[in-house]
Amino acid sequence: MIWTNDPTRWMMVAGMSVGYALVCLAPYLRVRRKRLAAARARAEAAASPGWIVSYASQTGNAEELAQQTAATLKLAGIPARLCELSELGAADLQGAERILFLVSTYGEGDAPDAAAGFAGRLMTTALPLPQLHYAVLALGDSAYTHFCGFGRALDQWLQAQGAQSLFPRVEVNRSADEAIGLWRQQLSHLAGTSDAPDWSAPAFEEWRLRERVRLNAGSAGAPIYHLELEPANGALPAWQSGDLVQVAAPADPSRAREYSIASIPADGRVHLLVRLHTHEDGRHGAASGWLTQQASLGEVVPLRLRQHRRFRLEGNAERPLILIGNGSGIAGLRGHLKARALAGQGRNWLLFGERNAAHDYHYRAELDGWQREGVLDKLDMVFSRDQGERRYVQDRLGEQAEAVRAWIAQGAAIYICGSLEGMAAGVDRTLRHVLGDDGVEQLAAAGRYRRDVY
Ligand SMILES: Cc1cc2nc3c(=O)[nH]c(=O)nc-3n(C[C@H](O)[C@H](O)[C@H](O)COP(=O)(O)OP(=O)(O)OC[C@H]3O[C@@H](n4cnc5c(N)ncnc54)[C@H](O)[C@@H]3O)c2cc1C
Ligand SMILES: Cc1cc2nc3c(=O)[nH]c(=O)nc-3n(C[C@H](O)[C@H](O)[C@H](O)COP(=O)(O)O)c2cc1C
C-alpha cells in the first residue's frame, strides 16, 4: 500500500468510521433518548400526588370518557382519583396538582344537573389555584347557541384563579371522534405512554322492530308511538331502568338520536315511546320519521344501549320516588315503575302532564293496574286542555307543596323525564319555591334529584 504511512489518510479513514458508527447509532440513541424521557415523564407524573380526573355529565358521555381517561393514566402507572365534579370542594382544588376536567353542557350553556352546585358555589368565588395544572375536555353540540358553554366557563374561571392549563381546551362537537382523538393524544403525551387503549364507542347492533302502535290517535299533539324491539341476533343484553338507547337512522347515521327505554329486561324487549317530529316545512324528523312512519315491522334498526347512570335508581332503590314528566317522558318513568313493581316497592308518586285525557292518557290500563296493586301510591294526571285555563304538572306540584315536603322528609328522590323547556324548567322553579334553592341543590348533590330531559 502506498498510503499506509500517510497520517492524513489514516485520520480520514478513522473519521469516516466514527461518522459511520454515529449514523448507525443515531436511531438507537434517538429511541433511547425518547424512552428515557418517557420513563422520566412517567416517574414524575406518578410521583406527583393529586392527579384527579373529574367529570360533569348528564347522559354519560363525559363520564365514559373520564373512565377511559383514568384507565389510560393507570396503564401508564399513574393512579388517579376519578370523581364527579360535585365531589370536589375548595380544599380538593387547592390541594391538587393536576386535574383533568371532562364536562358537558346543558340547558342554555349551563352545567349538567349534578354540577350545578359546583358552578353556583365555587365558580362564583375567588379561589387562588396557582399550584394547579389542568386540562378541560368540553362536550357539547354546536346546534346550541352556547356551544360548550360550561366547559368554556370552567376553563375561564380556572385561568382567572391562576391555574395553568396543560394544553388548550379540547371541544367535542356531538361526540366527534377527531376531538376525542386529540384529547387521547395529549393525554398519552402527558402520561409518557404511546399505548393508550382504544376508546371507540361500542358499535351499533342490529335490532328488529317487532311492534309499533300509535298511542294518541285523535290527539291535538304530534303522533306518539309505542315501539318494541328485539336483538336480531343473540340474547337480550342487560340494562337498568333509566337507561337510554341510541338509534342511527339511515338518513343521518352519523348523528345518533337518544330515546329513553320504557321497559325492563324482564319484558324481553326494549320498548320506546317516540314522538313524530315534524319540521316547519312539513318534513319529518330524520329518526322519529323513520322509526314511526317508514321502517316496517321486522326491519333492522341499528341501535345501541347506553348506561344512563344519572337517571338510574341506583342508591335510590330503597327510597320513596316522586316521578314527574310529560309527553314522551312517560317512557323513562314507566321503566322505573316497572322496576319498582318487580321489586315490590310501592312508595311511588307519579305526576304526569299531557293535553287531553280522551287522547293522551298513555298506558292508562297499566297505570290503573299499578294503582290497584299498590305500586302507585299517588297519581296526579294533569291534562292541560281539559278545562278553561291551561294547567301543567308544575302547577299541580305547587298546590301539593305540603305533600312534596313530607315525601322529601321521608327520604324521597325526584325523577324528571320529558321536555326541558316546557316542563322541567317549570318543575325546577316550583321545587325551588317549595324546598328552597339550597334544598334543591342538596338533593341534586345527593343524587336525589335526577333528570332525563331533552
Ligand atoms: C336524553 C334524551 C332522551 C330522549 N328521549 C326521547 C324519547 O323517549 N322519546 C322521544 O320521542 N324523543 C326523545 N328524545 C329526543 C330524540 O332524541 C330526538 O331528538 C327526536 O326524536 C327528534 O329527532 P329527529 O331525528 O326525528 O328529528 P331531527 O331531524 O333531528 O329534527 C329535530 C330537531 O333537531 C334539529 N336538527 C336536525 N338536524 C340537525 C343537525 N344536523 N344539526 C343541528 N340541528 C339539527 C332540527 O332543527 C329540529 O329542531 C330524547 C333526547 C335526549 C337527548
Ligand atoms: C337538553 C339538552 C341541552 C343541551 N344544551 C347544550 C348547550 O347549551 N350547549 C352545548 O354545547 N351542548 C348542549 N347539549 C349537548 C350536550 O352537551 C352533548 O350532547 C354532550 O355530549 C352530552 O354529554 P353527557 O352525556 O356527558 O351529558 C345539550 C343537550 C341536551 C340533551
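Each ligand, and each atom within it, is numbered from 1 in the order the structure gives.
- Of all atoms in ligand 2, numbered sequentially from 1 with element shown, those under 4.0 Å from a heavy atom of Cys148 are 10 (C), 11 (O).
- Near Leu139, meaning under 4.0 Å from any of its heavy atoms, are these atoms of ligand 2: 17 (O), 21 (O).
- Comparing heavy-atom distances from atom 27 (O) of ligand 1 across Ala222, Ala249, Gly285 singles out Gly285 as nearest.
- When heavy-atom distances to ligand 1 are checked against a 4.0 Å cut-off, His277 comes that close only through its side chain, counted from C-beta outward.
- Of the listed residues (Trp290, Tyr259, Phe311), the one carrying the non-hydrogen atom nearest atom 21 (O) of ligand 1 is Tyr259.
- Protein heavy atom closest to atom 22 (C) of ligand 2, with residue, atom name and distance, is Tyr106 OH, 3.4 Å.
- Of the protein's non-hydrogen atoms, Gln58 N, 2.7 Å is the one closest to atom 27 (O) of ligand 2.
- Under the 30°/60° scheme for interplanar angles, the aromatic rings of Phe311 and His336 are found to be tilted.
- For atom 20 (C) of ligand 2, the choice among Asp452, Thr59, Leu244, Asn61 with the nearest heavy atom turns out to be Asn61.
- Ranked by closest heavy atom to atom 30 (C) of ligand 2, the top entry among Phe147, Tyr144, Tyr454 is Tyr144.
- In Leu273, the part holding a heavy atom less than 4.0 Å from any atom of ligand 1 is the backbone.
- Summary of contacts: the protein heavy atom closest to atom 1 (C) of ligand 2 is Leu420 CD2, 3.5 Å.
- Between Asp141 and ligand 2, an N or O atom pair is found at a separation short of 3.5 Å.
- Applying the 4.0 Å criterion to heavy atoms of Arg174 picks out, from ligand 1, the atoms 42 (N), 43 (C).
- For the pair Arg319 and Trp407, the cation-pi test (distance below 6.0 Å, angle within 45°) is failed.
- Ring centroid separation for the pair His284 and His277 does not come in under the 6.0 Å cut-off.
- For Phe383 and Tyr361, the gap between ring centers is short of 6.0 Å.
- Using modelled atom types and a 3.5 Å distance limit, the side chains of Asp155 and Tyr134 yield a donor-acceptor pair.
- Checking only distances, Val453 never comes within under 3.5 Å of ligand 2, N or O to N or O.
- Looking at Arg255 against ligand 1, only its side chain comes within 4.0 Å, counting heavy atoms.
- Using cut-offs of 30° and 60° on the angle between ring planes, the pair Trp183 and Phe167 is perpendicular.
- His284 does not count as a contact of ligand 1, since none of its heavy atoms falls under 4.0 Å from the ligand.
- Backbone and side-chain nitrogen or oxygen atoms of Ala56 are examined, and none is located within less than 3.5 angstrom of a nitrogen or oxygen of ligand 2.
- At the top of the distance list for atom 23 (O) of ligand 2, counting protein heavy atoms only, stands Ser104 CB, 3.2 Å.
- Between the side chains of Arg385 and Asn356, no donor-acceptor pair is found at a separation under 3.5 Å.
- Using modelled atom types and a 3.5 Å distance limit, the side chains of Arg306 and Asn61 yield a donor-acceptor pair.
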